[in-house]
Amino acid sequence: MESIGEQSTGHHFIHQRIAEDCAAGRYEGRVHTRFPPEPNGYLHIGHAASICLNFGMAEAFGGLCNLRFDDTNPIRETSEYAESIMEDIRWLGFDWGDRLFYASDYFEQLYQLALELVRAGKAFVCDLSIDEIRAHRGTLTEPGRESPYRDRSIEENLALFQGMRAGDFPDGSKVLRARIDMGSPNLNLRDPVMYRISRARHHRTGDSWPIYPMYDWAHGQSDSIEGITHSICTMEFEDHRPLYDWFIEQLGIHHPRQIEFARRNLSYTVMSKRHLLRLVEEGHVAGWDDPRMPTLSGMRRRGYPSGGVREFCERIGVGRRENTVDISLLEHCIRQDLEGRALRYMGVLNPIKVVIENYPEGAEEELEGPLHPTDSSFGSRVLPFSRELYIEATDFMEDPPRKFFRLGPGREVRLRYGYFITSKDVVKDPDTGAVVELRCTYDPDTRGGQAPDGRKVKGTIHWVSARHAQTVEVRLYDRLFSVSDPTDVPEGGSFLDHINPDSLTVIHCPVEPALRTLEAGAVIQFERQGYFCVDREDSRPGAPVFNRTVTLRDSWKGGAGGEKA
RNA sequence: AGCCUGGUAGUGUAAAGGUAGCACAGCUGAUUUUGGUUCAGUUAGUCAAGGUUCGAAUCCUUGCCGGGCUGCCA
């Protein structure tokens with residue numbers, strides 16, 4: 001407000017609020033954020049946006065960002081999940097340095113702080129059962145009723161809470177509650193539970209704690225303990241902020257500023273843990289890292305470059321309203337990243353044989369093609385050429401529309417980095433009438449793809465020499481769902497009803513021999529088709545398996561339906 | 001129903017009382033040995049109604065529509 005000049009425009013509201021705080025000298029101008037996942041699942045693209053936000057804000061203001069696992073519910077959390085989360089964050093390109101923390105690191109401090117609240121008469125031990133607590137809580141429109149244990153003496157509460165910690169009571173028999181206001185219109189303030197008794201074994205503290213703090217109690221204090229200045233979280237915690245403020249004020253400890261933003265949804269996919277879990281458990285996908293999953297491990301396996309994912313997270317911005325980002329923006333960012341660095345090769349996904357009638361039988365030669373069309377530093381590879389080739393079946397039409405630039409009866413096209421060929425005749429299956437082979441002639445003077453007489457052709461198609469081709473497995477991935485919002489289902493329906501039956505097509509097809517030497521993880525483009533990566537799990541030396549990362553843009557209107565122009 | 005919160009092109013996001021802009025998507029065209037890339041152009045928007053003001057996406061009022069909240073989950 002008094003610092004209008006510092007409020008640079010064009011930045012999102014979180015950036016602006018942090019800038020305001022810095023300009024006003026809050027937190028001595030320090031900026032310290034944190035990414036606080038619960039280690040009970042895999043990270044997805046929504047988490048990536050949050051990671052970019054937290055690490056990004058710290059970086060933008062010369063601050064720090066911690067990684068803290070909010071591991072307060074041992075029955076759902078494991079170290080394996082924590083490991084995969086760390087791997088994903090590193091893959092995205094962020095570094096938490098030596099600031100890896102766990103809420104469980106603070107169990108003792110949290111316990112001491114709770115004791116402080118008990119001594120101040122601000123927390124009490126409650127013997128009500130789960131159902132009774134629920135019944136006492138009231139509803140959205142009616143106030144709650146106070147627990148009959150609410151007015152226990154401080155001494156009694158102290159003894160009871162220490163007894164809980166010592167393991168004197170059975171699981172679920174008592175809880176520690178904050179003593180706030182059962183009449184508050186904000187349900188979070190109706191004497192919320194701070195601790196429950198549970199003998200569950202914790203992935204880090206083992207069996208040393210029979211009580212575990214609730215998220216609402218642990219989270220804010222953990223942020224405070226770490227000296228976090230800006231606690232960035234999603235909108236559903238907005239109603240919890242008054243509770244976090246209350247705890248901090250009662251305790252008189254460091255008070256971070258919480259800023260909420262709306263979580264991002266992506267079209268043609270689902271993002272909730274519940275939905276993703278169901279896809280995995282019911283076998284609709286091959287696992288959490290299935291290339292069709294919106295998880296970071298899935299995207300990584302599919303070949304999405306982390307730089308493209310980060311760029312996407314930047315470009316979707318941050319807001320406070322419900323939103324659904326168009327998946328085409330993600331695909332755009334991925335293509336943009338890949339365009340400059342994917343090596344170009346040729347592979348024929350849906351082959352049809354071509355015989356060059358005027359090319360000597362048994363002869364062959366080596367042609368050369370650059371590995372990148374504009375960046376010569378990538379070098380080139382050898383392309384063996386012979387009398388029999390494979391081309392894409394969709395690159396030939398017996399009765400082509402006017403705007404079809406590819407092969408048709410009597411038409412001439414260029415074989416990329418090869419020769420001009422002209423279609424002369426077709427061979428058909430006597431039973432089905434389907435075209436099974438093309439008979440063509442080539443022009444020996446067009447070697448490399450250029451005609452000395454200056455003659456032009458409209459189309460350039462990719463090809464592979466049949467004799468030299470290697471057959472490889474290619475997995476053509478498409479969107480997992482066929483509708484923009486899979487969760488929008490009629491009464492009694494399921495998001496599973498919208499699964500795209502063609503989200504994965506596995507084919508075995510001829511590719512150029514140079515591909516044999518590619519290493520797992522390599523990123524390439526099959527020219528005119530799309531970007532692919534060599535699968536890290538299933539590829540073998542000399543036998544790469546390709547995952548289609550994303551198709552190339554296709555602005556040919558006749559592409560899909562063969563529309564006559 | 002009570003409390004909290006939000007509504008800007010198809011989608012996402014800027015504009016903090018002063019020309020409604022950017023990106024993706026769409027559409028045109030140019031270039032092109034990928035119908036790719038690149039380049040140029042273009043379609044399309046302030047939820048509604050009142051009010052304040054010389055001037056409102058922005059401030060006020062009312063209405064409409066959306067999201068969140070009744071775990072010993074996070």
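So you know, we letter chains A, B, ... as the sequences are listed, proteins then strands, and number each from 1.
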Is G71(B) paired to anything, Watson-Crick or G-U wobble with both distances less than 3.5 Å, and if yes, which nucleotide? none

Heavy atoms under 4.0 Å, any strand shown: does Val318(A) hit a base, just sugar-phosphate, or nothing? sugar-phosphate

Check: Gln525(A) side chain, U34(B) base, donor-acceptor under 3.5 Å: yes

Span that lies between the P atom of C24(B) and that of G66(B), in whole angstrom: 32 Å

Can you tabulate the close N/O pairs, meaning under 3.5 Å, that link protein atoms to atoms of nucleotides 44-47 of chain B?
none

For Asn186(A) and Ser184(A), which I'm curious about, is there any donor-acceptor pair between the side chains at under 3.5 Å? no

Mind checking who G10(B) pairs with, Watson-Crick or G-U wobble, both distances under 3.5 Å? C24(B)

Expressed as a whole number of Å, how far does the C1' atom of U13(B) sit from that of U46(B)? 14 Å

Lys458(A) atom NZ, over 12 foreign heavy atoms within 6.0 Å: no

What does nucleotides 69-74 of chain B look like as a protein-contact string, B for base, S for sugar-phosphate only, - for none, at under 4.0 angstrom between heavy atoms? BBSBBB

Starting at CG of Asp554(A) and ending at C1' of G36(B), how long is that distance when rounded to a whole Å? 9 Å

Does U58(B) have a Watson-Crick or wobble mate here (both distances under 3.5 Å), and if so which one? none

Looking for any heavy atom pair under 4.0 Å, which part of the strands does Glu142(A) touch: base, sugar-phosphate only, or nothing? nothing

Please report the interatomic distance CZ(Phe404(A)) to CZ(Phe396(A)), rounded to the nearest 0.5 Å. 8.5 Å

For Glu339(A), answer base if it contacts any base atom (sugar-phosphate contacts may also be present), sugar-phosphate if it contacts only those atoms, and nothing otherwise; contact means non-hydrogen atoms under 4.0 Å. base

Rounded to whole angstrom units, what separation is found between the NZ atom of Lys456(A) and the C1' atom of U31(B)? 12 Å

Between Arg344(A) and Glu339(A), is there a salt bridge with N-O shorter than 4.0 Å? yes

Nearest-nucleotide check on RNA chain B, Tyr531(A) vs Arg320(A); residue mapping nearer the 5' end is Arg320(A)

Write down the partner of G63(B) under the Watson-Crick or G-U wobble criteria, each distance required to be under 3.5 Å. C47(B)

So that I can tick it off, tell me whether Asp127(A) and Arg152(A) are bridged by a salt bridge, with the cut-off set at under 4.0 angstrom between side-chain N and carboxylate O. yes

How about His462(A) and Gln529(A): does a side-chain donor come under 3.5 Å of a side-chain acceptor? yes

Euclidean distance for C1', A57(B) against A48(B) (whole angstrom): 14 Å

Please determine whether a side-chain nitrogen of the Lys or Arg among Glu238(A) and Arg241(A) lies less than 4.0 Å from a carboxylate oxygen of the Asp or Glu. yes

Hey, is G45(B) sitting syn or anti, using the within-90° cutoff around 0? anti

What does the B/S/- profile of nucleotides 22-28 of chain B look like, 5' to 3', with a 4.0 Å heavy-atom cutoff to protein? -SSSS--

Could you tell me how far apart His15(A) (NE2) and A14(B) (C1') are, to the nearest whole angstrom? 14 Å

Please measure how far the P atom in U62(B) lies from the corresponding atom in G21(B), and state the result in whole Å. 32 Å

Checking side-chain polar atoms at under 3.5 Å, does Ser129(A) have a donor or acceptor matched by the opposite partner on Asp131(A)? no

Roughly how many Å is it from CE in Met235(A) to C1' in G68(B), rounded to a whole number? 8 Å

Which whole number of Å gives the distance between the P atom of G51(B) and that of G67(B)? 32 Å

Sugar-phosphate, base or nothing in reach of Phe404(A), heavy atoms under 4.0 Å: base

In whole angstroms, the gap separating C1' of U5(B) from CD of Gln258(A) amounts to 14 Å

Just how far, in rounded Å, is P of U32(B) from CZ of Arg344(A)? 18 Å

Measure up the Trp463(A) and Phe385(A) rings against each other and bin them: parallel (under 30°), tilted (30 to 60°), perpendicular (over 60°). perpendicular

Going by the ring pair (Phe, Tyr, Trp, His ring centres under 6.0 Å) test, name the single residue among Phe124(A), Phe169(A), Tyr111(A) that passes it with Phe161(A). Tyr111(A)

Please report the distance separating the P of A74(B) from the corresponding atom of U37(B), rounded so that it comes out in whole Å. 47 Å

Between Tyr106(A), Tyr102(A), Tyr81(A), Phe101(A), which is the residue that forms a ring pair (Phe, Tyr, Trp, His ring centres under 6.0 Å) with Phe69(A)? Tyr102(A)

Specify the separation, in whole Å, of atom CD1 of Ile316(A) and atom P of A14(B). 12 Å

Rounded P spacing from G6(B) to U61(B) in Å: 14 Å

Say you pick atom P in C22(B) and the same atom in C59(B); how far apart are they, in whole Å? 24 Å

For G36(B), what is the paired nucleotide under Watson-Crick or G-U wobble rules, both distances under 3.5 Å? none

Between C1' on G12(B) and CZ on Phe13(A), what's the gap in Å once rounded to a whole number? 14 Å

Tell me what Glu238(A) touches on the nucleic acid: a base, only sugar-phosphate, or nothing, going by heavy atoms under 4.0 Å. sugar-phosphate

Can a salt bridge be assigned to the pair Asp71(A) and Arg204(A) using a cut-off of 4.0 Å between side-chain N and carboxylate O? no

Quick one: do Glu392(A) and Arg528(A) make a salt bridge, cutoff under 4.0 Å? no

Between Glu226(A) and Arg68(A), is the closest basic N to carboxylate O distance under 4.0 Å? yes

Any strand, both distances under 3.5 Å, Watson-Crick or G-U wobble: A15(B) pairs with none

